[in-house]
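In each ligand, atom 1 is the first atom listed, and ligand 1 is the first ligand listed.
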Amino acid sequence: METVRAGAPPRPLLTEDQIRIRVRELAEEIGRDQGDLEELVCLGILKGSVFFLVDLVRELRVPVAVDFFQTSSYGSSTSPGEVLIKKDVDLSLRGRDVLLVEDIVDTGHTLNTILSILRLRRPRSLKLCTLLDKPSRREAEVPIDYVGFTIEDRFVVGYGLDHDERWRNLPYVGIVEV
Ligand code: IMP
Ligand code: MG
């Protein structure tokens with residue numbers, strides 16, 4: 001396997017066009033499921049999902065409220081489900097329809113914990129939309145309602161995803177060797 005040098009651009013996995021088309025499809029699907037009900041609270045998990053969320057909500061034709069949630073792990077592999085809330089949701093979620101927007105589901109521990117925290121806020125519905133899914137890495141079961149792309153076990157960056165904070169602004173999703 002060829003190793004990409006530190007400065008070399010990540011090898012493209014998903015092009016800008018593929019992403020744009022898929023985001024539009026996801027928005028149509030979400031809009032259909034939502035019907036002409038009330039507002040949808042689109043809740044982005046910081047920081048990776050911001051780029052995806054912004055593009056997704058602009059394609060949604062249902063009334064939307066936007067909010068963000070951020071956690072960090074304690075960095076312990078012995079308690080993978082234990083997370084610290086770094087930025088809590090500003091809005092009340094009680095009785096509302098919530099769409100959690102994530103960049104990637106990997107082992108599933110982060111999302112699993114976030115979902116259990118958010119369920120305590122008693123939303124009317126809580127759905128999960130992720131741009132990318134790496135099912136081969138799953139350790140904790142996560143109910144995903146909308147998946148942009150299912151990918152193999154590779155470390156990817158771009159379109160919000162980073163490697164040590166680098167490459168988030170790459171307009172496509174590419175593979176880095178780590
Ligand atoms: P997990 O599902 O709890 O294992 O963790 C998911 C988080 O790990 C994501 O929200 C990302 O921040 C990060 N992550 C997992 N895989 C990748 C990747 O391939 N590229 C960049 N970040 C990743
Ligand atoms: Mg993330």
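Heavy-atom separations between Leu111 and ligand 1 are all 4.0 Å or longer.
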In sequence, state the C-alpha distance, the side-chain angles, and the governing distance for Ser125 and Asp97, and then conclude on side chain to side chain donor-acceptor pair (under 3.5 Å).
CA-CA 5 Å; Ser125 66; Asp97 295 302; 2.6 Å; yes

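At least one N or O atom of Gly108, backbone or side chain, sits closer than 3.5 Å to an N or O atom of ligand 1.
At a threshold of 4.0 Å, the pair Glu165-Arg168 counts as salt-bridged, since one of the basic side-chain nitrogens sits closer than that to a carboxylate oxygen. Here Asp133 pairs with Arg138 in a salt bridge; the nearest charged N to carboxylate O distance falls below 4.0 Å. Using a 4.0 Å cut-off between a side-chain N of Lys or Arg and a carboxylate O of Asp or Glu, Asp55 and Arg22 do not qualify as a salt bridge. Comment: Lys134 does not engage Glu152 in a salt bridge, judged by the lack of any side-chain N to carboxylate O separation of less than 4.0 angstrom. A salt bridge links Glu177 to Arg154: one of the charged nitrogens lies within less than 4.0 Å of a carboxylate oxygen.
Using a 4.0 Å cut-off between heavy atoms, Lys134 contacts ligand 1 through its side chain alone, with no backbone atom that close. The backbone of Arg154, and not its side chain, has at least one atom closer than 4.0 Å to an atom of ligand 1 (non-hydrogen atoms only; backbone = N, CA, C, O). Only the side chain of Leu161 comes within 4.0 Å of ligand 1, judged by heavy-atom distances.
For atom 1 (P) of ligand 1, the candidate residues are Thr107, Ile151, Thr71; the nearest heavy-atom contact is made by Thr107. Considering only non-hydrogen atoms, atom 21 (C) of ligand 1 lies nearest to Val156 out of Asn112, Val156, Asp103, Leu13.
Under 3.5 Å, the side chains of Asn169 and Tyr159 contain no donor-acceptor pair of N or O atoms.
When each atom of ligand 1 is checked for a heavy atom of Asp162 under 4.0 Å away, the hits are 21 (C). Within ligand 1, counting atoms from 1 as listed, the ones closer than 4.0 Å to a heavy atom of Glu102 are 10 (O).
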